[in-house]
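In the text below, chain A, chain B and the rest are named by the order of the sequence lines, each starting its count at 1.
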Amino acid sequence: MRTRFAPSPTGLLHIGGVRTALFCWLYARRHGGAFVLRVEDTDRERSTDEAVRVILEGMAWLGLNPDEGPFYQTRRYDRYREVIGDWLASGKAYHCYCSKEELDTMRAEQQARGDKPRYDGRCRHGKPKVEGVSPVVRFKNPGEGEVVVNDAVHGRVVFQNKELDDLIIQRSDGNPTYNFCVVVDDYDMAITHVIRGDDHLNNTPRQLNMLRAMVGEGGAVPVYAHLPMILGPDGAKLSKRHGAVSVLEYEREGFLPEALLNYLARLGWSHGDQEFFTLEEMVELFDIEDVNTSASAINPDKLAWLNQQHMLVADETRLADMLRVQLTAMGITPALEGPNLVAIVACQKERSKTLREMAMASRFFFEAPQVYEEKAAKKHLAPEGQAALLAVAAALELLADWSPLAIHEALNGLAAAQGVGLGKLAQPVRVAVSGGGVSPPIDATLAILGRSETLARLTRAATNA
RNA sequence: GUCCCUGUCGUCUAGAGGCCCAGGACCCCACCCUUUCAAGGUGGCGACACGGGUUCGAAUCCCGUCAGGGACGCCA
């Protein structure tokens, strides 16, 4: 059992590609097979090193590690030439001397007639060779009969050979083309399951015809599984304008790889009513038979929700490391003797959707507020609030044990003594310490901040009118 | 234009003829909990594209219509 993920490095690896890679990977893991990574870079014009980097880095970040590869098609040209030579010699392929202009007019005429534009095979049927023109090579597609694709997700799909034409397998500059390379590679790499995007369903009959030319009658061909497309949040095809960003952008924004994977798995696949899956569960439960057939739009809110769900159960030390990265990106360098990152994670994870959000909400632990949020200050740092701050500072100064519990009891005691609710004390403190009206529970917040920093911020806010 | 694919709440989906006057999740709203914000809990809003069949019975099967997407390239 062998699957492959075969991206072309002509654009950034985005969610759609990642979902395909995930399903290939899951299927291989589930069945104890191999997952092969192959970079389809035969389009020299548009392939970039940057795109290759994103593919490799992105997959590594997600843990979608290939068992074999990456293989690069541009390094397999000798093999492609060999096959083309064989086919030319055995009459499975032929040279075509038609110029681009000639082909353009042919297509235009066909379209004007309402026909499907397709090469009419004139060079196959005795059109004389043109001197001084370097020819392309075309594959002789069967003219009759039908090609049946038994697709694992779409079921039986039938194409008529007369809808197809003799496709170019080698350009006039000698470079082989995509549909041909795919066939040679899938054959050479002994791929048993071709899992890829829906947009390739139409290519499959051509590839099947060429594959049969390779394996001969009765030879084994892979199982095909065409996944439904992923659309942007607005339902439009994924593109730069419609939600297509590099997968690495999700890392920068502070998403957990397992959350992204969980989200992507649920696009086009489901297991009853279950929404939350660990990686292990996905491997155990995933099956290509359960993949559905219709395209789906990405929903950023649901991704964010799932990310939080995964943060809630993730190892806090690991999250602390990720939080550190986010803080650093914001220009904050957490000191060893400063606020404890694990403690911050513990109280912030249930109030953050991403680690980036967590970092932004935690900035005040590292930097005293420069200004107080206007509305919050007006409400809580009025003379009455400032008096409360002084009282709290006095109580905390004497505290023997600087722990959340001790702080909690001290504040409760003070509130009881003053005959007010805890909120009357907590809110002014929150504003004094964080600069705004929102923070984790005040006891945990102060415990993390430390006594001297807490007292400094309290007195500053109390005296700063 | 031709061929192919697809069509259940706004979105992701469950549903393989009766369990469905359609279930879950995100979003939104309300309430509970509560020191803020959250998290959590409870409840609410909300869909079988349309029209014909088949059947005692259809979201599920068949046909048509409409709508969306894809392919038709010396791109992948």
Side-chain angles (χ1 to χ4, degrees), chain A residues 6-11 40-43 45-47 73 96 98-100 103-104 107 110-118 135-138 149 151 154 157-160 162-165 167-173 175 177-179 181-182 197-206 226 228-229 231 233 235-237 263 266-276 292-306 308-309 312 347-353 361 376 380 408 411-412 415 421-427 429-431 434 436-443 445:
Chain A
S8 73
T10 53
E40 312 218 319
D41 53 355
T42 53
D43 184 351
E45 302 277 299
R46 298 194 301 150
S47 296
Q73 291 188 323
C96 167
C98 295
S99 67
K100 287 180 186 172
L103 295 174
D104 284 345
R107 271 192 284 268
Q110 288 167 331
Q111 232 145 5
R113 248 182 285 128
D115 290 345
K116 181 173 185 162
R118 52 190 288 284
V136 299
V137 177
R138 288 183 185 270
V149 180
D151 193 273
H154 289 275
V157 184
V158 182
F159 296 86
Q160 299 302 317
K162 62 174 193 288
E163 295 292 337
L164 276 23
D165 62 1
L167 73 161
I168 292 174
I169 58 178
Q170 187 178 75
R171 302 181 176 93
S172 50
D173 64 4
N175 287 319
T177 60
Y178 165 76
N179 275 111
C181 297
V182 166
D198 229 333
D199 47 344
H200 289 289
L201 185 52
N202 286 292
N203 289 146
T204 309
R206 305 166 167 286
H226 288 96
M229 300 269 88
L231 278 15
K237 189 186 177 185
Y263 177 71
R266 283 285 291 99
L267 246 33
W269 175 80
S270 60
H271 183 259
D273 286 339
Q274 189 171 346
E275 298 287 350
F276 183 96
N292 65 200
T293 47
S294 54
S296 43
I298 47 179
N299 180 343
D301 284 333
K302 188 158 182 178
L303 203 212
W305 172 79
L306 257 181
Q308 180 169 44
Q309 295 301 306
L312 257 15
C347 65
Q348 288 286 43
K349 64 182 179 182
E350 65 196 29
R351 30 183 69 74
S352 319
K353 300 283 193 197
H380 301 294
H408 182 76
L411 290 180
N412 265 337
L422 188 51
K424 282 283 178 207
L425 265 30
Q427 275 313 92
V429 172
R430 202 182 310 276
V431 178
S434 76
V438 174
S439 87
I442 203 66
D443 45 9
T445 301

5' to 3', nucleotides 1-12 of chain B under a 4.0 Å protein heavy-atom cut-off (B base, S sugar-phosphate only, - none) gives BBSSSSS--BBB
Review point. So what does H226(A) touch, heavy atoms closer than 4.0 Å: a base, only the sugar-phosphate, or nothing?
Key: nothing
From the list Q348(A), R430(A), R351(A), side-chain hydrogen bond (donor to acceptor under 3.5 Å, both in side chains) partner of S439(A) resolves to R430(A)
Taken to the nearest whole Å, CG/L425(A) to C1'/rU34(B) is 17 Å
When all nucleic acid strands are considered with a 4.0 Å heavy-atom cut-off, which category describes D443(A): base, sugar-phosphate, or nothing? base
Assign each of R46(A) and S352(A) the nucleotide of RNA chain B bearing its closest heavy atom; nearer the 5' end lies the nucleotide of S352(A)
### Message
Could you check whether any side-chain heavy atom of I298(A) comes within less than 4.5 Å of a side-chain heavy atom of L267(A), counting everything from C-beta outward?
### Response
yes
- What interatomic distance, in whole Å, is found between P of rC12(B) and the corresponding atom of rA47(B)? 16 Å
Base, sugar-phosphate, or nothing for N412(A), non-hydrogen atoms under 4.0 angstrom? nothing
Looking only at heavy atoms, the pair that brings P440(A) and T445(A) closest together is O-OG1, 3.0 Å
Examine rA14(B): is either OP1 or OP2 under 4.0 Å from a nitrogen or oxygen in the side chain of S270(A)? Give yes or no. yes
Minimal heavy-atom distance between L201(A) and F159(A), with the atoms involved, is O-CZ, 3.7 Å
Check: If we take the P atom in both rG46(B) and rG24(B), what is their distance in whole Å?
Finding: 14 Å
Rounding to an integer number of angstrom, what distance separates rU11(B) and rC27(B) when you compare their P atoms? 16 Å
(request) Answer yes or no: side-chain N or O of R351(A) and base N or O of rC37(B) forming a donor-acceptor pair under 3.5 Å. (result) yes
### Message
In whole Å, measure the gap between the C1' atoms of rA22(B) and rA58(B) for me.
### Response
13 Å
For Q170(A) and I168(A) the tightest heavy-atom approach is O-CG2, 3.4 Å
The residue, Q274(A) or Q427(A), whose nearest nucleotide of RNA chain B is more 5′ is Q274(A)
Review point. If we take the P atom in both rG43(B) and rU6(B), what is their distance in whole Å?
Key: 37 Å
Do the side chain of S47(A) and the main chain of D43(A) share a donor and acceptor less than 3.5 angstrom apart?
yes
Side-chain atoms of D273(A) come closest, of rC26(B), rA76(B), rG24(B), to rG24(B)
Using a cut-off of 4.0 Å on non-hydrogen atoms, how would the nucleic acid contact of Q73(A) be classed: base, sugar-phosphate, or nothing? nothing
**OP:** Begin from the C-alpha positions of T177(A) and T42(A) and carry the test side chain to side chain contact (heavy atoms under 4.5 Å, CB included) through to its verdict.
**Re:** CA-CA 7 Å; T177(A) 60; T42(A) 53; over 6 Å; no
To the nearest angstrom, the CD-P distance between Q308(A) and rC37(B) comes to 16 Å
message = Taking rC56(B) as the reference, what is the distance to rG44(B) when you measure between their C1' atoms (whole Å, please)?
response = 37 Å
All heavy atoms of R118(A) vs all of Q110(A), minimum pair found to be O-NE2, 2.7 Å
For rG1(B), the nucleotide meeting Watson-Crick or G-U wobble distances (both under 3.5 Å) is rC72(B)
If the P atom of rC48(B) is compared with that of rA59(B), how far apart are they to the nearest Å?
11 Å
Next on the checklist: Say we look at rA49(B) and rC31(B): how far apart would their P atoms be, to the nearest angstrom?
Outcome noted: 36 Å
